[in-house]
Amino acid sequence: MMDGSSEVIRQRREKAKALTDRGVDLYPNDFKVSHRVEDVRQSIARQGEGVDDTAPFAMAGRIIMLRSFGKAAFLHFRDHTGQLQAYVKQDEVGEEAYGLFKQLDVGDFIGIRGTLFQTKTGEWTLLAKKIRLLCKAMRPLPEKFHGLRDPEKRYRQRYLDLIMNPSVRKVFVTRARIIQAFRDFLLERGFLEVETPMMQPIPGGAEATPFQTFHNALGMNLFLRVAPELYLKRLVIGGIDRVFEINRSFRNEGVSTRHNPEFTMLEFYLAYATYEDLMTLTEETLRFVTQQVLGVTHFSYQGSNINMDGPWARLTLEQALNELGGVDPSLLNDRQGLLALAKSKGIEIKKGRRRGKILTKLFDALVEPKLIAPTFVVDYPVEVSPLARRSRLEPDMAERFELFIAGSEIANGFSELNDPVDQKRRFLDQVADRQDGDEEAHYMDEDYVTALEYGMPPTAGEGVGIDRFVMLLTDAPSIREVILFPLLKNIRH
RNA sequence: GGGCCGUUAACUCAGUCGGUAGAGUAUCUGCCUUUUAAGCAGAGAGCCGCUGGUUCGAGUCCAGCACGGCCCA
């Protein structure tokens with residue numbers, strides 16, 4: 001258990017004490033590394049049989065496997081770039097050093113000076129001339145064959161997960177490459193990357209419940225942002241007319257396989273563009289990232305084959321509800337009828353919700369799981385899109401789309417509302433919704449309206465759920481598999 | 001918030017009808033100087049998630065709680 005009194009841990013402590021008693025420093029920091037495992041692999045690949053077997057190497061890493069004989073041993077050690085076998089024998093290191101070496105365990109960090117040779121099976125191996133302890137591990141690693149499986153331990157002690165499960169490490173390398181590919185794509189097109197406040201006096205930019213906090217010195221309530229949107233648009237007003245941010249937002253909601261209270265979003269804004277332009281750009285971006293990371297533009301996600309080649313399907317919200325959700329078109333403008341339908345499907349709609357909200361709730365339950373191939377859903381009611389521009393043809397509709405892949409919302413974008421008078425009216429509607437008990441409704445943001453009054457060029461903007469997209473490209477069944485330290489409850493005793 | 005499932009050695013897991021705790025790996029001891037989940041022989045290791053209840057007796061049955069997983073809202 002975690003109290004450290006188990007037999008294995010007691011034995012480690014005794015070994016550590018025995019080493020200390022013999023004058024061994026358990027935690028030195030003066031070992032200089034000349035080569036990483038990757039360097040050795042590359043040099044072998046380059047030189048093949050011609051590798052110089054007298055060249056000295058100084059290498060370091062964690063012992064991850066140890067096969068010990070009487071007076072010799074094979075071990076595998078690992079650094080960030082890979083793992084390599086080493087051979088330690090008494091004839092080479094001497095009796096004294098070999099005696100100390102016998103006290104080392106799997107999990108300890110070591111430094112080895114030696115030369116390369118091939119074993120009789122042809123495996124390139126570091127023959128130790130000198131071996132040193134660099135850090136004593138006081139707890140044993142999980143078992144080598146089955147690894148660490150308990151999901152709770154994997155998340156709470158992610159370092160063990162990373163040591164024991166190579167596929168986990170691969171997921172997070174892929175995650176980093178995905179983010180890099182998004183960044184490369186946008187920088188290439190002249191976007192400026194910025195950072196805007198995560199602590200906001202008025203939370204805005206999404207319909208979501210915020211976390212609240214308090215600044216002591218300023219005596220000021222603050223919210224963790226639910227989206228960076230309103231700040232990024234202030235930057236567009238300030239003349240940065242291609243701008244993006246990749247960072248955390250926070251929503252005070254339950255956790256699930258698709259929701260973590262803190263999550264990573266890409267938001268970008270492009271002036272002189274419309275939501276139509278944005279859909280085209282979204283296809284290009286996501287195809288580019290997929291191609292960069294996977295080398296192809298198709299992949300399998302949880303048994304579904306996903307092809308990112310375009311053009312992607314486009315459906316209006318009402319079409320989707322009708323054709324995929326089986327909602328009778330005559331009901332679409334009948335609030336009472338929609339409420340009855342929701343009730344019959346077991347979908348909870350809180351009191352006083354307007355028609356648009358009911359439509360999107362029905363959509364989430366009846367349509368979203370069916371949108372497997374990349375699909376844009378367009379034409380959302382204005383009342384659920386308080387920051388989006390009205391359609392010129394249908395003023396009750398917003399120029400807005402959401403992108404769905406594998407039954408999951410991946411992106412949300414629209415032509416931005418830049419009419420300050422309309423924006424103020426929309427905020428007032430949201431305030432009314434909030435008074436009707438909708439905790440997710442927007443707050444009034446007078447300062448943002450003032451900013452709009454200075455003039456924002458016609459602009460289109462979008463948010464992309466990075467964690468969800470990483471799930472797709474890594475075939476992860478849960479968002480916790482793509483977040484290094486997902487939020488878990490404290491263990492109470 | 002609701003439903004179902006899980007929690008046993010450091011790790012991965014068994015544990016029958018309620019009868020006093022098992023395996024593999026790891027660890028420890030001995031042997032072993034080219035192994036590949038090394039091998040052979042031996043040994044030690046447990047708050048059975050927590051609290052209560054039923055019972056002569058609970059890992060096992062019941063209730064509550066905690067944490068986790070999946071599904072639903």
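Treat the numbers as computed from the prediction; the structure is a model and nothing was measured. By convention in this document, chain letters (A, B, ...) are assigned in the order of the sequence lines, proteins followed by strands, and residues within each chain are numbered from 1.
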In this structure, how many angstroms lie between the [atom2] atom of [N] and the [atom1] atom of [X], rounded?
X      : N      : atom1 : atom2 : result
A:D161 : B:rC11 : CG    : C1'   : 13 Å
A:L148 : B:rU12 : CG    : C1'   : 10 Å
A:E143 : B:rA37 : CD    : P     : 13 Å
A:D53  : B:rU34 : CG    : P     : 19 Å
A:I491 : B:rG49 : CD1   : C1'   : 10 Å
A:L127 : B:rU34 : CG    : C1'   : 11 Å
A:E7   : B:rC28 : CD    : P     : 10 Å
A:K71  : B:rG30 : NZ    : P     : 12 Å

I'd like the [atom1] distance from [M] over to [N], given in whole Å.
N      : M      : atom1 : result
B:rA58 : B:rC40 : C1'   : 41 Å
B:rU35 : B:rG49 : C1'   : 41 Å
B:rG18 : B:rU36 : C1'   : 46 Å
B:rA23 : B:rA14 : C1'   : 7 Å
B:rC31 : B:rU7  : C1'   : 41 Å
B:rC11 : B:rG46 : C1'   : 14 Å
B:rA9  : B:rA26 : C1'   : 10 Å
B:rG53 : B:rU60 : P     : 14 Å

May I ask you to evaluate whether [X] reaches the phosphate of [N], defined as a side-chain N or O under 4.0 Å from OP1 or OP2?
X      : N      : value
A:R480 : B:rC70 : yes
A:K489 : B:rA66 : no
A:K102 : B:rC28 : no
A:S6   : B:rA9  : no
A:K144 : B:rU36 : no

Task: cation_pi(A:R158, A:F485) dist<6.0 Å, angle<=45 - done: no
- [ ] Answer yes or no on whether A:R434 is positioned over the face of A:Y443, meaning its NZ or CZ is under 6.0 Å from the six-membered ring centre and within 45° of the axis.
- [x] yes
Could you tell me whether [X] and [Y] make a salt bridge, using a distance below 4.0 angstrom between a side-chain N and a carboxylate O?
X      : Y      : value
A:R62  : A:D108 : no
A:D21  : A:K17  : yes
A:D436 : A:R353 : no
A:D25  : A:K136 : no
A:K357 : A:D433 : no

Would you classify [X] as touching base, sugar-phosphate or nothing, given that sugar-phosphate means primed atoms plus P, OP1 and OP2, and contacts are heavy atoms under 4.0 Å?
X      : value
A:K89  : base
A:G254 : nothing
A:K350 : nothing
A:S478 : sugar-phosphate
A:S256 : nothing
A:M164 : nothing
A:L488 : sugar-phosphate
A:R156 : sugar-phosphate
A:R154 : nothing
A:F117 : base
A:R67  : base

TODO: Assess whether one donor atom and one acceptor atom, taken from the side chain of A:E152 and the base of B:rU7, lie less than 3.5 Å apart.
DONE: no
- [ ] Give a yes-or-no answer on whether the side chains of A:Y159 and A:Q157 include a donor-acceptor pair shorter than 3.5 Å.
- [x] yes
Task: Modelled atom types, side-chain donor and acceptor of A:N165 and A:R149, under 3.5 Å - done: no
As a test of reading the structure: which of [options] is closest to the side chain of [X], going by heavy atoms?
X      : options                : value
A:E123 : B:rA38, B:rU35, B:rA45 : B:rU35
A:H146 : B:rG24, B:rU25, B:rU35 : B:rG24
A:D91  : B:rU33, B:rU35, B:rA45 : B:rU33
A:Y87  : B:rA38, B:rU34, B:rC13 : B:rU34

- [ ] Taking Watson-Crick and G-U wobble pairs with both distances under 3.5 Å, convert RNA chain B into its dot-bracket string, 5' to 3', dots for unpaired and | for cross-strand pairs.
- [x] (((((((..((((.....[..)))).(((((.......))))).....(((((..]....)))))))))))).
Task: Partner residues of A:E152 under the side chain to side chain donor-acceptor pair (under 3.5 Å) criterion, sequence neighbours left out - done: A:R156
Task: First of A:G70 and A:L141 reached from the 5' end of RNA chain B, by closest nucleotide - done: A:L141
Open item on the list: Let me spell it out: for each of A:T121 and A:P477, pick the nucleotide of RNA chain B with the closest heavy atom. Which residue's pick is nearer the 5' end?
Closed with: A:T121
Task: Pair A:F376-A:T282, side chain to side chain contact (heavy atoms under 4.5 Å, CB included): steps then yes or no - done: CA-CA 10 Å; A:F376 290 111; A:T282 301; 4.1 Å; yes
Open item on the list: So is the aromatic ring of A:F69 stacked onto the base of B:rC32, judging by whether the centres are under 5.5 Å apart and the planes are under 30° apart?
Closed with: no
